[in-house]
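Structure first, then comments.
Heavy-atom basis, side chains included; hydrogens, waters and symmetry copies ignored. In what follows, chains are A, B, ... by sequence order, proteins preceding strands, each numbered from 1.
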Amino acid sequence: MSEQRYDARAIEARWQRVWADERTWEVTNEAGGRDAVQSSYVLEMLPYPSGEPHIGHLKCYAVGDAIAHFRRRTGHRVLHPMGYDAFGLPAENHAINTGVHPRESTAVSIASFQRQFRAWGISIDWSRELATDEPEYYRWTQWIFLELYRSGLAYRKDAAVKWCPTDQTVLANEQVVDGRCERCGAEVEVRQLEQWFFRITDYAERLLRDLDEIDWPEHVKTMQRNWIGRSEGAEVSFTCEELGIVYPVFTTRPDTLFGATFFVLAPEHPDLMRLAAGTPYERDVHEYINHALTESNEERGAAERPKTGVPLGRTVTNPVNGEQLPMYVADYVLMEYGTGAIMAVPAHDERDYEFARAFDLPIHRVIADADGGDDDALPFTGDGPLVNSHKDFDGLPNREALERIVDWLQRESKGHATVSYRLRDWLISRQRYWGCPIPVVYCDGCGLVPLEADELPVQLPDIEDYAPKGRSPLAAAEDWVNTTCPVCGGRARRETDTMDTFVDSSWYFLRYCDARNDEAAWDPAVLREWMPVDQYIGGVEHAILHLMYARFFTKALADLDHLDFQEPFAALFTQGMITKDGAKMSKSRGNVVSPAAIVERYGADAARCYVLFMGPPDQDAEWSDEGVEGVYRFLSRLWRLTAETAQRLSADDADRRDWSGTLTAADLLDSAGEGPDLQLLRKTHWAIDKVSGDLRRFAFNTAIAAVMELLNDCSRLREAASAMTLAHALQNAGSLLSVFAPHLGAEVYERLTGERVWEAPWPQADPALLESDVHEIVCQVNGKVRDRVSASADADPDELKALCRSAANVRVHLEGKEIVKEVVVPGKLVNIVVR
RNA sequence: GCGGGCGUGGUGGAAUUGGUAGACACGCCGGCCUUAGGAGCCGGUGGGCGUAAGCCCUUGGAGGUUCGAGUCCUCUCGCCCGCACCA
């Protein structure tokens, strides 16, 4: 009797054993490069192993695996590897609380991830598995660091940086969201510290431009464009004559230079006290600066906050007209952007306008309304002709004047055209233990000394006390810290900061290609076969951080001749979040759905199909327990009908003979005419066509729905159709479904054909079976459906018109009316327009 | 404020190029089978009117283009995401 039940657990265990024993999903590196074989690299974002995988992982791998299977079955050699982003704070914080070494707790999590990924039946090439905390891996992370250092792309600088008081470490700009630590949510502080940076800003232009070359979702590209924040403008020099200091400012509006009426420096500007010294404002400036620096970013950044500031008691000369502009310090000017100083044009800038009103400063309009008048309220930020500027420019449309003014500044050496970016250099040092050591030492004699490649890896030592104390816990490991200088042999101390874990994940996709190479990080010839990644899959939360860093690494390494491509991920797919009770799943909310529990109860195939069936995979979707059950019922029905049909097939010798698994209309026409067999055969080929098309456009939800439709027809026609036709339909259902439900797909296929579905080519729809000889034609009168008629596929428009006019309900609606027009869409509809 | 996206039954969603709105599934209702069902099978299910045939309404709202609009255009309302005093 157990034969009659769909036993997901037994079926899944059986096939997982086959795949593990036979290493089914391993691929070798072919010497021929990617032209020789159709190679395809399908990759999901590197998981951070913490506890066990959540439902988002399941969805991500269900998507990636469907793509990987589909590509394999359509003739590609597919690289589909797995690894772990194993360094990171959660394991370290756990160590602080429990004393368990992060390496141990991470290993436990990794084992749990491995177990789950196997239980889900994901087709992974396990021979390339890696973890970023292994010395065999981070040795090469350190090597890349040194390559960047030698080319000037890694450097130390003293800067105002973001410090997370909870995590006790500095953060990159990208890791601060709304003034808070992206990881723990604590409000960040600003500290002046010397830190390690990667010069990602050198790549701003290329990171922006090359977005046009890659097949990524538009919203992700937009987010990156916003983050890079390119602005074209000019740098213009203003001079404080009294002190003889030149202040360059960046402006996107050099056309408004003649309207500048004051000048503002950021509170962090280093010259402030020097400027104010000896003026009556010295004390006020001092107080203002102190106050500004104690305010949080959030307070300062508040949009509708009234403008504040203090005069400096000095003036600068406007280079275009020699006017003396009073200088101010005000916190609406940011030190991080541009030069930390601005020329203020209140007539044409909202912020400057507010400040001018608050401080009763003059407002000089220099751009007229589009029609030349001056009726529009100030500040006027639109376009119009220049006025009150200079005889050479007055009257010119401002956009044209802008260019002429920049040319003129350039000739006069008062300024030049330039481009400014919002993107900042990537701060990569962290004052924490569980990360990749930075491979440099500080020698008493030689100063900062980078290690040589053959001295790598700098191993992370074991320590007793993980608690951060404002500096890396590594600083307390005296035996490790004290070393000798590789240059002079003298006393030296190791760098005790570790790298941001985003460094580890910025190149792992390269390592997979050549994961066991212990001579080099990779062999460029091997990379040529697989890179760039053909399809990358992951959450949109990495739209800026990981995806920008990985692109930067790829470009930098290409410039250093280690790679011969510019973009790591040719195509990107971002899957939507699965929510529960309308919110993101989280332990604190108590709305977490455990994939392990779902797989335990319904099987991996049902769990995988459900997360894909929920809706379009790039959209967020709400979890429903009833939904999984529905999919489970569908799989059960497929299994039962397969078992029943297999039995019928073996009992019926007539149907069994010459069974090849391929049927055509001709096979069935003489025996069955237009009966149920042909109907089912047509539906089968419709499903093949539908699923193939849907897979190409990542419409997994409708692909699964199509297999459901096919199965519904199988059920409906199971008595009427022959066992052979039914078997053909079910075999194809199993074959199509195997990209989503690989275990049951394999089981169904094997039962009906004796073959392995993953070795079978992807089914091809027979075009002759996709088109029916008879079409149902919709009959509309004035655009409203009034009847339906059937017509042969080759009926000409006049026949269709006649057919429709005579349809019973159409005649009712034509009664007493005059036919004005008839529109015919062959094979679809006829619309009769009447008056 | 700027940029991007989304509004379709009780619910998740489908409709690929302007051509039958609501595929598929959940839920619900009815029936069969069963000692029993949180199992299985069959049927029904956008709203309104009607015994029925059928008619009217319906894709956030208002206009428009078209023989025909969920789809295109204009305006508008609501929600979500990203950036935000970036000069």
Side-chain angles (χ1 to χ4, degrees), chain A residues 4-5 177-178 217-227 229-231 233 249-253 256 264 266 300-305 307 330-334 336-345 348-352 354-355 381 420-423 540-541 543-544 610 613-616 618-631 633-634 636-637 640 690 693-694 696-697 699 701-712 715-716 776-788 808-809 812-813 820-825 827-834:
Chain A
Q4 295 309 306
R5 229 188 80 243
V177 177
D178 292 334
E218 205 46 52
H219 67 279
V220 175
K221 292 193 194 184
T222 304
M223 281 164 73
Q224 293 216 349
R225 286 191 190 104
N226 286 346
W227 190 262
R230 182 184 199 274
S231 311
V249 300
F250 175 75
T251 176
T252 55
R253 296 294 306 276
T256 63
V264 190
R300 254 186 83 173
E304 293 310 319
R305 144 186 246 240
K307 294 280 173 287
D331 66 5
Y332 80 94
V333 175
L334 309 175
E336 308 96 85
Y337 187 77
T339 59
I342 62 157
M343 65 163 194
V345 185
H348 305 290
D349 181 281
E350 284 176 29
R351 296 150 301 173
D352 297 344
E354 271 181 56
F355 191 87
T381 53
S420 185
Y421 301 91
R422 209 185 71 101
L423 183 69
V540 73
E541 65 272 19
I544 293 170
Y610 177 59
F613 183 66
M614 291 171 89
D618 57 333
Q619 277 174 35
D620 291 352
E622 169 76 10
W623 179 267
S624 146
D625 289 331
E626 292 77 17
V628 212
E629 284 194 43
V631 172
R633 282 201 288 268
F634 156 65
S636 301
R637 277 202 306 277
R640 273 200 311 272
K690 173 77 176 154
D694 284 355
R696 276 188 279 273
R697 60 188 185 104
N701 53 334
T702 51
I704 292 169
V707 182
M708 287 175 169
E709 282 196 55
L710 175 59
L711 182 67
N712 287 346
S715 289
R716 194 167 53 81
E776 188 184 56
I777 304 295
V778 169
C779 307
Q780 296 183 334
V781 178
N782 285 348
K784 285 190 157 72
V785 180
R786 294 305 180 188
D787 216 331
R788 284 151 227 265
N809 197 39
V812 174
H813 288 272
V820 180
K821 188 175 177 180
E822 284 166 307
V823 181
V824 181
V825 181
K828 286 244 162 153
L829 65 76
V830 175
N831 186 15
I832 303 170
V833 185
V834 298

Given B/A25, is OP1 or OP2 found less than 4.0 Å from the side-chain N or O atoms of A/Asn712?
yes
Of the nucleotides B/A87, B/C41, B/G19, which has the atom closest to the A/Val333 side chain?
B/A87
Quick one: sort the A/Tyr332 and A/Phe355 rings into parallel, tilted or perpendicular, breaks at 30° and 60°.
tilted
Are A/Arg422 and B/A84 close enough that a side-chain N or O sits under 4.0 Å from OP1 or OP2?
yes
Contacts of type salt bridge (Lys or Arg N to Asp or Glu O under 4.0 Å), residue A/Arg253, not counting sequence neighbours:
A/Asp255
Considering only atom P, compute the distance from B/G46 to B/A21 and round it to an integer number of Å.
14 Å
Considering every strand and a 4.0 Å limit on heavy-atom distances, what is the contact class for A/Gly229: base, sugar-phosphate, or nothing?
nothing
Which is true for A/Ser231 with a 4.0 Å heavy-atom rule: it touches a base, it touches only sugar-phosphate, or it touches nothing?
sugar-phosphate
Got a sec, which residues hit side-chain hydrogen bond (donor to acceptor under 3.5 Å, both in side chains) with A/Glu622, two or more places apart in sequence or on another chain?
A/Thr579
Nearest whole angstrom, please: distance from the P of B/G4 to the CD of A/Glu218.
9 Å
Holding to side-chain hydrogen bond (donor to acceptor under 3.5 Å, both in side chains), I want the full list of residues that pass it with A/Asp620, two or more places apart in sequence or in another chain.
none
At 4.0 Å (heavy atoms only), tell me whether A/Val778 reaches a base, stays on the sugar-phosphate, or touches nothing.
base
Once base and sugar-phosphate atoms are separated, protein heavy atoms under 4.0 Å mark nucleotides 11-18 of chain B, 5' to 3', with B, S and - as -BSSSB--
Can you work out whether A/Ala706 or A/Lys828 has the more 5'-proximal nearest nucleotide on RNA chain B?
A/Lys828
With sequence neighbours left out, the residues meeting side chain to side chain contact (heavy atoms under 4.5 Å, CB included) with A/Arg230 are A/Glu205, A/Leu208, A/Glu232, A/Val419, A/Tyr421
Going by heavy atoms in the side chains, are A/Val820 and A/Val834 under 4.5 Å from each other?
no
With sequence neighbours left out, what residues match A/Ser231 under side-chain hydrogen bond (donor to acceptor under 3.5 Å, both in side chains)?
A/Tyr337
Contact between A/Val785 and A/Gln780 at the side-chain level, heavy atoms closer than 4.5 Å - yes or no?
yes
Is the CD atom of A/Glu350 crowded by more than 12 outside heavy atoms at less than 6.0 Å?
no
Any donor-acceptor pair, under 3.5 Å, between the side chain of A/Asn226 and the base of B/C83, if you only look at N and O atoms?
no
Counting only pairs under 3.5 Å, give me each side-chain donor-acceptor contact of residues 702-711 of chain A, with atom names and distances, residues two or more places apart or in other chains.
residue	atom	partner	partner atom	Å
A/Thr702	OG1	A/Asp694	OD2	2.8
A/Thr702	OG1	A/Ala699	O	3.1
A/Glu709	OE1	A/Lys683	NZ	2.8

Not counting sequence neighbours, which residues clear salt bridge (Lys or Arg N to Asp or Glu O under 4.0 Å) with A/Asp352? List them please.
none
May I have the distance from A/Leu829 (atom CG) to B/A69 (atom C1'), rounded to whole angstrom?
14 Å
Rounded to whole angstroms, how far apart are CH2 on A/Trp623 and P on B/C26?
15 Å
Work out how far the P atom of B/G64 is from that of B/A69, and round it to whole angstrom.
12 Å
Once base and sugar-phosphate atoms are separated, protein heavy atoms under 4.0 Å mark nucleotides 48-59 of chain B, 5' to 3', with B, S and - as ------SSSS--
Short side-chain N/O contact to B/C67 OP1/OP2 from A/Lys821, under 4.0 Å
yes
Between atom CD in A/Glu626 and atom P in B/C28, what is the gap in whole Å?
8 Å
Using a cut-off of 4.0 Å on non-hydrogen atoms, how would the nucleic acid contact of A/Gln780 be classed: base, sugar-phosphate, or nothing?
base
For the P atoms, the ones on B/U59 and on B/G22, what distance do you get once it is rounded to whole angstrom?
14 Å
Roughly how far apart, to the nearest Å, are B/C67 and B/C49 at atom P?
36 Å
Bracket notation of RNA chain B in which parentheses pair within the strand, [ ] cross earlier pairs, and | pairs with another strand (Watson-Crick or G-U, under 3.5 Å):
(((((((..(((......[....)))((((((.......))))))((((....))))..(((((..]....))))))))))))....
A/Arg225: side-chain hydrogen bond (donor to acceptor under 3.5 Å, both in side chains) partners, not counting sequence neighbours
A/Asp212, A/Glu218
Output one line per pair: protein atom, nucleotide atom from nucleotides 37-39 of chain B, and distance, for all N/O pairs under 3.5 Å.
residue	atom	partner	partner atom	Å
B/G38	N2	A/Arg601	NH2	2.9

Heavy atoms from C-beta onward define the side chain here; which of B/C85, B/C24, B/C83 lies closest to that of A/Met708?
B/C24
Using the closest heavy atom to pick a nucleotide of RNA chain B for each, name whichever of A/Ser715 or A/Phe634 lands nearer the 5' end.
A/Phe634
Syn if the chi torsion is within 90° of 0, anti otherwise; quick check, which is B/G9?
syn
